[in-house]
Amino acid sequence: MIIAFDELKTDYKNPIDQCNTLNPLVLPEYLIHVFFCIMFLCATEWLSLGLNMPLLAYHVWRYMSRPVMSGPGLYDPTTIMNADILAFCQKEGWCKLAFYLLSFFYYLYGMIYVLVSS
Amino acid sequence: MSNTAAGYNSQNGEGKPPCSNGPIQNPVMTQAPGQGYNTAAVTMHPQHMPAKAPLEQPAGQYHYGCYQSAPPASMYQGPGQSAPPVSVYQGPGQSAPPVSVYQGPGQSTPPVSMYQRPGQSAPPVSVYQGPGQSAPPASVYQGPGQSVPPASVYQRPGQSAPPVSMYQGPGQSAPPVSVYQGPGQTNMTRPPSRPLQPHQGGSARIAAPAQSSTPPPVSSNSFYPGSQIPPHSHWPYGTSPPMSQPSVGSPANHVTSAPSQPSGYGIQNSPPQGPPAPLNSSVQPGQPSGYGIQNSPSQGPPAPLNSSVQPVPGAERAHIHNSFDALESGGRNAAQHPPQMGRAVGLSYPSLPPGYQNMAAPPSAPGMQPRSQPYPAGAQSFQQAPLGPAQLGSALGGMSLHQSQPPEALRAINLLQERNLLPQGPVTPPVPCLPQDLQRLNCSPEVFRCTLTNIPQTQSLLNKAKLPLGLLLHPFRDMSQLPVVTSSTIVRCRSCRTYINPFVTFLDQRRWKCNLCYRVNEVPEEFMYNPVSRSYGEPHKRPEVQNPTIEFIAPSEYMLRPPQPAVYLFVLDVSHNAVETGYLDTVCQSLLDSLSLLPGDTRTKIGFITFDSTVHFYNLQEGLSQPQMLVVSDIEDIFIPTPDSLLVNLSECKELVQDLLKGLPQMFTRTLETQCALGPALQAAFKLLSPTGGRVSVFQTQLPSVGVGALKSREDPNQRASAKDIPHLTPATDFYKKLALDCSGQQIAVDLFLLSGQYCDLASLACISKYSAGGVHYYPSYHHLHNPAQVEQLQRDLKRYISRKIGFESVMRVRCTKGLSIHTFHGNFFVRSTDLLSLPNINPDSGFAVQMSIEENLVDMQVVSFQAALLYTSSKGERRIRVHTLCLPVVNSMADIFAGADVQAITGLLASMAVDRSVTASLSDARDALVNAAIDSLRAYRSGGLSVQQPGLVAPACLRLLPLYVVALLKQKAFRTGTSTRLDERVFAMCQLKYQPLAYLMLMIHPALYRVDNLTDEGAISIADRTIPQPAILQLSVEKLSRDGSFLMDSGSVLYLWVGRNCAPNFITQVLGVPNYTAIPQTMTQLPELDTAESTRTRAFISWLREQRPFYPILHVIREESPLKASFMQHMVEDRTESALSYYEFLLHLQQQVNK
């Protein structure tokens, strides 16, 4: 996703195409995240769940405040080229990437810890 | 080589936008619908039986009887045919079958109608199978189903059972026979029509050898008509005697080539063009032969079979590569030419005496000598040229602004004490502090303006100054003088693709340094020759380097496809509500009157669609005795009933078009249909135009209620005056936006005319224009009887709208010096990349704003430059590039930044930003942002720019009007709260704020008020034997009005003449032509032409005001108690209203905030 925005900024990729490729990916990402949260809930992993709750809330807010669109997704080709929005989307992408990476390692650590201790 | 090609790919947006949104996709898309339908239709169906039934019949047998006999039974009586009420309306006096979908005025549906359709669709298929496919222009025939792909299109509705009905002509006076004349005529007319085309092709061929006979002169043909070009002249098309080229060798060549094409590209390809031309359906009369040429290498041979105007995409692409190769090698070729050959330059100064034109090239042109050059003339100057920046620096240093006396712009003014801040005349933009020779070359502020004429060195400095940095552009403005250059190679920077401009530096005779990216480029050989002075070795005197605004006639590598013809489609609402307003009369009459003024050439096409709850198409095919109406009532899945005769060549079918325009208003007088299917009509328009692109003009009178894009009323009238936030400024659906993006991809622009008294949800509808680079015109409560002023307004607007210049399939790229970057664009367009706007149409009445930010510090730069390049296809089918370049100094102190602030440009940009804010956030947010902008900038001035602290509210002289403009903006319809404002009017005002050019925008924000009852000739200016008095501009406050005077308010689109109760009787009798005050009529929109000095003066002044703008403002004469008084008084922005602060109170508020 970050790569995509970078492409948009530097390269001359058409914003319509870019939004069309990105938009269908937004909901699956959110759903996977929700799925993880539910799994944590089932496993009563309160710490992990607590770590993920802010992001979940952010996702809900973000999707609620999306522009008027008929299809799923977040990104509107007519506004995406606005420098502020583009910068925001890029920053959002980086932050999420960092968060997902860190939490991946944390989950890995947790899994190994559980495996070793059991 | 490949490297450069890649450079083109990535950089050359205008030439070749790589995104699929661009025109390159068109050929593919063009084919798509037809194919789609084909495949759908291939699943066979009983309807093919009638199509084949008359197969054996020769064409000659298509007489009436024939139709009656054969097909109907098989067609509609057959099983499985129950659903579709497909009927063809024949005419009056026929009986009606119950299936009729459309009830025409006073006419009924005939049983005859049954066989009309097979008659049209089926038999010709068989007959014309061969020729119909091979020679598509033979689409003279009437029926939709005649040529093969159309047949499939047409059958599909039959299968999927949407009701299709055909309806013959508006007047219905013709005997039924006339219909059958169609096919008969087809046979008759088709043969003649074919010889016609060979003839056209032939003429092209004649031109071609003429050109190729003298190839070298043409290879770098440069026209420089110079400053004498009248605003609308499309130069090379003008008949050429005055332009006949003086210098080299071949006047004949120029004469032959000039009328139809820039001869630069005539040569290389013209020979291959010859043979296929006669049969090539895509060769239209009068089309620039570059068009044919582009096709010719790849498409020439198959052309006779090519039914579409569009080339095959693959071939197109391949050809583009060819042409890029050609460009590269072409440059080399030119370089290898001996200079005498390579620079066969046709130069023309149309208005110069012939003697001058015939002069042999002297080393320096007499015509140019009066202009002092920025560079010392002669080749020696190149030794000094590299020192240019240094000189510049010292020059700037010498002008340092805060040495001894602060300049006038920085004079501190206490706003609370000085009341009379308005200048006597119009507010003039500040002049950038550049050395005079550079400033003289700078772009006109009417075209290109920057909010800060002194650019801050760093972003932090800009943030400190709290002023917005941005550009305001009016790129396609009607120019009174515009140099046009024809050149086979357009000199551009290799890395950033900047066009060469007056602000580049010539390092020596062979190299120039780009002023945007600082790359050193080579000067191409042919650029060494100066067509103006006709001398060699003076590239810095070329017109490109002498004019900040210049137009190039682009060679073929700037085309992704052959230049499109001018295509106009009118989409008219004919529902009951629309007919009630009576707008059809006005529109049709205006169109009839101005039909010949529509810009275009012989290829110009026109079409009409009307809609209520169904969509009606009009078959205007040449050979029909009268227009034929096709009704598609399947609005859920709209389709084009017949592909090639709905958009017709204007010159060939002018009579039919005129017939239709005359008949159209009467056709729907008794309609009872109240529903309105705007969405499907727009989809149909999109499908109809997508092969070519063009302009759609939509006239809409009510909320779309059926089909896709239907909207619901969202306005609560009780909330109109709400002081709280206004909801529903955002679109309710994204249908219009998506459609606009599709349109933009197919080079279609949609202009919306909204004539409605009720709420129409303009916030949603305007999207169709906003993203397709169209315009929005709004006539609230339009009615032909109740509101005559609006009728006149619409007539005047339409006249301008129809006749104004237009550019098709255009893109605009804004480039700026490295370090600056573009933040946001404002206006009507689609942003396709960070600096590229896609503008399916460009018109002279649209403006743009660009917000800039400073990404890297501009420390070692003295000046920065901005370049806006607009690539478009003129209505004559020429590809042109208009380039504007602006150069501004860089400063590093707050005082200098404030000294260069352009208060009008700042206001314009703030208004655009506030509109964005009110859509994305909320209206109150936007209002706060406006107030804060004023507070912040004054506070920044107080803390940073002011040397001596003063009491009160201090502003620099150049920003003294900012608080006034901000308070005016807050009282605009767009942003005001507390006053009852209809949502549509608010949204319309927002649209206007976004896309109007600055000059008209300022009048809208802050109208000019003049006292006109005592006009004198003192200080008058005289233009063309007329003396125009120049009264002073008054403040917009009721205190300036007096009962014994009369005042003219100019708010851009409307003029109000307010007459006081005790106005001098002299004025009332001599100017208004009525005996006394009480005799002034309630509605008066015209001043009588009286032969008195007062009347002459007043009328001269008003007409002078009107001439300054494209759209004609209506004059309303209002008395003190007129109903229009409220709309006059709402512009009194300095006064206090129930819900808004007065100017003085606002200043006190500012003072409080600033001094906090």
Side-chain angles (χ1 to χ4, degrees), chain A residues 1-30 57-96, chain B residues 8-13 16-22 24-25 708-709 728-742 744-745 763-764 767 770-772 811 813 821-826 828-838 850-853 855 913 916-917 919-921:
Chain A
M1 191 168 286
I2 303 152
I3 296 169
F5 284 118
D6 202 50
E7 239 174 20
L8 208 55
K9 199 174 165 189
T10 54
D11 198 16
Y12 285 52
K13 187 152 183 188
N14 188 340
I16 297 182
D17 292 348
Q18 195 69 288
C19 288
N20 285 346
T21 52
L22 287 183
N23 276 333
L25 299 178
V26 172
L27 269 189
E29 184 208 325
Y30 288 9
Y58 172 77
H59 281 168
V60 172
W61 170 81
R62 182 97 161 89
Y63 211 75
M64 298 290 275
S65 60
R66 71 186 193 132
V68 180
M69 290 172 74
S70 51
L74 283 177
Y75 306 108
D76 177 1
T78 56
T79 55
I80 193 76
M81 290 314 294
N82 181 309
D84 280 341
I85 294 178
L86 196 58
F88 172 79
C89 292
Q90 233 169 342
K91 215 179 286 173
E92 184 195 30
W94 279 115
C95 292
K96 272 202 215 165
Chain B
Y8 274 113
N9 268 326
S10 61
Q11 303 285 348
N12 181 3
K16 203 166 95 154
C19 18
S20 60
N21 174 25
I24 196 156
Q25 213 187 15
V708 281
H728 307 314
L729 291 171
T730 46
T733 163
D734 68 341
F735 167 76
Y736 294 98
K737 178 157 68 181
K738 277 177 148 174
L739 187 60
L741 294 183
D742 291 343
S744 171
S764 304
C767 288
K770 203 183 275 174
Y771 300 112
S772 68
V811 286
R813 194 180 284 271
S821 73
I822 291 166
H823 187 276
T824 311
F825 287 101
H826 300 278
N828 287 357
F829 47 71
F830 173 60
V831 192
R832 217 160 56 187
S833 129
T834 42
D835 56 353
L836 183 71
L837 301 183
S838 147
V850 189
Q851 247 173 286
M852 312 284 301
S853 58
E855 279 197 335
M913 291 160 68
D916 268 5
R917 182 67 75 88
V919 173
T920 54

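So you know, we letter chains A, B, ... as the sequences are listed, proteins then strands, and number each from 1.
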### Task
Enumerate the residue pairs fulfilling salt bridge (Lys or Arg N to Asp or Glu O under 4.0 Å) with a member in residues 63-89 of chain A, sequence neighbours excluded, ordered by first and then second residue.
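Qualifying pairs: Asp76(A)-Lys737(B).
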### Message
Need one label for Ala740(B): side chain, backbone, both or neither, based on atoms under 4.5 Å from any heavy atom in chain A.
### Response
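It is neither, since no heavy atom gets under 4.5 Å.
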#### Entry: Residue Thr920(B) versus chain A: region with a heavy atom under 4.5 Å
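For Thr920(B), there is no contact with chain A at all, as no heavy atom is under 4.5 Å.
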### Task
With sequence neighbours left out, write down each residue that passes ring-ring contact (aromatic ring centres under 6.0 Å, His included) with His59(A), or none if nothing qualifies.
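Result, ring-ring contact (aromatic ring centres under 6.0 Å, His included) vs His59(A): Tyr30(A), His33(A).
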### Query
Taking the side chain as C-beta and beyond, is there a heavy-atom pair between Pro77(A) and Phe830(B) under 4.5 Å?
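A side-chain contact exists here, since the closest heavy-atom pair is under 4.5 Å.
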### Task
List the steps and the verdict of side chain to side chain contact (heavy atoms under 4.5 Å, CB included) for Thr78(A) and Leu741(B).
CA-CA 8 Å; Thr78(A) 56; Leu741(B) 294 183; 3.8 Å; yes
#### Entry: Separation between OG1 of Thr79(A) and CG of Asp916(B), rounded to the nearest 0.5 Å
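Nearest 0.5 Å value for the OG1-CG distance: 10.0 Å.
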### Task
Output the distance between atom CG (Leu86(A)) and atom OG1 (Thr824(B)), rounded to the nearest 0.5 Å.
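Going from the CG atom of Leu86(A) to the OG1 atom of Thr824(B) covers 10.5 Å.
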